[in-house]
Visitor: 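Would you mind keeping the following structure in view while I ask a few things?
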Amino acid sequence: MSRWRGGAPGVLAAWAALGVSGCLFVDPVDLTPPDPAAWIPPPQAPSERSSTVPAPPSTASEAATAGATPEVPGVASPQVSGAEAPVAPPSPVNARAPSFANGVPPADATIRDVAMPLATGLPDARPLALAEILATVGAEALDIRSAQQDAASAEAERRIVRDSLLPSFSAQAKFGLLNGYTQGTAGRFFNTNYQNTLIGPKVELTYDLAAAVFTLQAAQEHLEGELAAIRVTANDSLHAAATGYFDLVESCAQLWIAEISVRHGHELVDLELTRVSSGAGLEVDLLRAQAKLAEAERGVLEARRLVAVASAELVEQLGLPPSTELVPAEDAIVAVELIPLGDLDELVRKAVANRPEVAQAGRELAASQESEGYWENRWIIPQVKLSAEYGGFGTNPRDLQDREIYTAAAEWSLDPMNLSQLDKARATRRKAEVAETQVTRMVASEVVQAFRSSQAAAATISSAVREVQASAEAYELVQVRYREGVALQEEVLRAELDLTRAQSALTGALASYDRSQFDLARAIGGPRNGGPAVP
């Protein structure tokens, strides 16, 4: 046995300081999810219509003849004259883009100006803007709260590992009595009767050096992985809320189209009634117009059902009372740009660097590597056991003498189970490597898919605008010809159906573009990691 310099009081004071410092100086862990404001598009004014909606050549040969590259909305392209005239980027959802009362964009509209009105005849519904929805989700999402508790549990596990390396303190008051035979050093038995009392503190420390090196670091890596999981969950929740919002916006725009179709049906029925009353019309035309009106009214009911379904899904995400009915606070659906469609390879690199899923997989891999290192070195690195005992020792509490006991030991674990534990740790590490590769590939694939979807939706907006413009003009011409008696009612019905389908296609293209932009924002780890600066 060795006697430490300073005696028992010095040893106790040093270990007490170690224990107190370990309990007081705890690294703070931030469980706050990402700021939802990063997902809110900055307000922008509508464009000045300096460039029209592009009409790309129908064939590659026409493009070569024109000397121009087919134009992609939101991406600058060279003009024949050599002067740069990029298409203006789409406006954010909270900007008041021009609302065209008849649902037909003017001939000189840019993609930024393209908008389809939303139905407003829902007086009992609660209007809610995208910014409010994202803020509510960021504060109330149960998935985020659950992820925060997982991180809090991981932090507690880290503290448990750390605290296991600190000394334990105990106070003892023991009384012993021996009455009977005992064996002496010579092997003879003799009768004895004695008692002793021991009062004082005791400190014990079992220090697993391998655990200090590897296990504590593994717990830290696991904690960092759970903190990344909070960002994963928050991004998923915000993305789901934004997608649900655009589902609601699209359904309200489709309801407006259905209501306009009913208005057209009423106009046709009134016209047929006038013609039948004057003897210039046929009863069958009136019946056909009334059937068309009934069909349009049924379409309104179906559109209202879809609005109610989209509203209910969004209400569930926001944790609002189930009976709440929501409508968008905006008055039109417009193209929302979060991520400019620039260099795809650069977006993929940003995604791999910024996606919290990649960071989480990397942390879990690092934790598995630390666990493997622990079992590889456990049989080499010893456990150090130290104890110090100080107190009074004697026959009774009134007659005690000072007593100090010190113990120091080193133990090596040669348990055969270590080899099995090592095999298990290696398999876990290899699985974590595969998981990290899978996540990296998944992230790259999601970026490419969202990028291509945004490009396709942007191009679809351009063609849908031209389709709406042509269908609206055709509908007006057929109406004039029908009133003059030189067109059939069937032509009017067909033209009205073509216009309705074109407007519905434009609405779907706008909603698809908006959803794909939020898909792209999530794919790269959030709008701040690739989009325009958000004030």
Side-chain angles (χ1 to χ4, degrees), residues 99-107 109 114-125 248-311 325 327 331-333 463-511:
S99 178
F100 308 113
N102 60 354
V104 181
V114 175
M116 286 296 295
L118 306 183
T120 58
L122 301 170
D124 297 331
L248 179 61
V249 169
E250 181 181 9
S251 64
C252 286
Q254 298 290 1
L255 176 57
W256 180 89
I257 295 172
E259 291 174 344
I260 293 301
S261 183
V262 168
R263 189 180 72 184
H264 291 164
H266 279 293
E267 293 173 353
L268 185 59
V269 169
D270 292 342
L271 176 60
E272 293 299 340
L273 284 172
T274 301
R275 296 182 64 176
V276 169
S277 298
S278 65
L282 300 176
E283 186 73 22
V284 67
D285 287 339
L286 174 59
L287 293 175
R288 189 183 293 115
Q290 290 173 338
K292 175 63 178 177
L293 174 59
E295 179 185 356
E297 290 172 343
R298 190 175 72 251
V300 169
L301 295 177
E302 174 63 15
R304 286 183 179 273
R305 184 189 71 82
L306 295 178
V307 170
V309 169
S311 172
E325 186 175 5
V327 292
D331 56 10
I333 180 172
S463 60
V465 165
R466 297 193 301 275
E467 183 182 2
V468 169
Q469 292 168 344
S471 298
E473 185 175 354
Y475 179 62
E476 292 177 1
L477 292 176
V478 169
Q479 281 186 312
V480 172
R481 294 178 64 245
Y482 186 64
R483 288 189 177 92
E484 294 176 352
V486 295
L488 299 176
Q489 186 194 67
E490 183 179 352
E491 296 179 66
V492 177
L493 297 178
R494 187 184 302 115
E496 196 275 337
L497 179 60
D498 290 342
L499 176 58
T500 299
R501 288 176 175 173
Q503 290 175 324
S504 180
L506 177 56
T507 297
L510 289 169

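Quick note: residue numbers are just sequence positions, from 1.
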Visitor: Throw together a table of side-chain donor-acceptor distances under 3.5 angstrom for residues 483-493, partners on residues two or more places apart or in other chains.
Guide:
residue: Q489; atom: OE1; partner: R288; partner atom: NH1; Å: 3.0
residue: Q489; atom: NE2; partner: E272; partner atom: OE2; Å: 3.0
residue: Q489; atom: NE2; partner: D285; partner atom: O; Å: 2.7
residue: E490; atom: OE2; partner: R494; partner atom: NH2; Å: 3.0
residue: E491; atom: OE1; partner: R481; partner atom: NH1; Å: 3.3
residue: E491; atom: OE2; partner: L488; partner atom: N; Å: 3.0

Visitor: With a 6.0 Å cut-off (strictly less than), is the heavy-atom count around CD of E325, excluding the residue itself, greater than 12?
Guide: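 Yes, CD of E325 has more than 12 neighbouring heavy atoms, counting only those of other groups under 6.0 Å.
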
Visitor: Return the minimal non-hydrogen interatomic distance between L118 and I333, and the atom names on each side.
Guide: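 Closest approach of L118 to I333: CD2-N, 3.9 Å.
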
Visitor: Would you give the length of the straight line joining atom CE of M116 to atom CG of L510, rounded to the nearest 0.5 angstrom?
Guide: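 Between M116 CE and L510 CG, I get 8.0 Å after rounding to 0.5 Å.
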
Visitor: Tabulate below the donor-acceptor pairs under 3.5 Å that side-chain atoms of residues 295-311 make, not counting sequence neighbours, or state none.
Guide:
residue: E302; atom: OE1; partner: R305; partner atom: NE; Å: 3.2
residue: E302; atom: OE2; partner: R305; partner atom: NE; Å: 3.4
residue: E302; atom: OE2; partner: R305; partner atom: NH2; Å: 2.7
residue: S311; atom: OG; partner: L326; partner atom: N; Å: 2.7

Visitor: State the CG-NZ distance between L268 and K292, to the nearest 0.5 angstrom.
Guide: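 One finds 9.5 Å between CG of L268 and NZ of K292.
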
Visitor: Closest approach of Q503 and V468, non-hydrogen atoms and distance?
Guide: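 Looking at all heavy atoms of both residues, the closest pair is N-CG2, 3.7 Å.
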
Visitor: Taking side-chain contact (heavy atoms from CB on, under 4.5 Å) as the test, write out the residues that go with S504, two or more places apart.
Guide: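 By the side-chain contact (heavy atoms from CB on, under 4.5 Å) rule, S504 matches Q254, I257.
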
Visitor: How would you list, by chain and number, every residue that makes a side chain to side chain donor-acceptor pair (under 3.5 Å) with E496, sequence neighbours excluded?
Guide: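 Per chain and number, E496 pairs via side chain to side chain donor-acceptor pair (under 3.5 Å) with S261, H264, T500.
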
Visitor: Please identify each residue that fulfils side chain to side chain donor-acceptor pair (under 3.5 Å) with S471, with sequence neighbours left out.
Guide: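 Side chain to side chain donor-acceptor pair (under 3.5 Å) check on S471 returns nothing, list empty.
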
Visitor: Taking only residues two or more places apart in sequence or in another chain, which ones pass side-chain contact (heavy atoms from CB on, under 4.5 Å) with A472?
Guide: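 Expected list: V104, L499.
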
Visitor: Just how far is it from atom CG of L255 to atom OG1 of T507, taken to the nearest 0.5 Å?
Guide: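 So the gap between those two atoms works out to 11.0 Å.
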
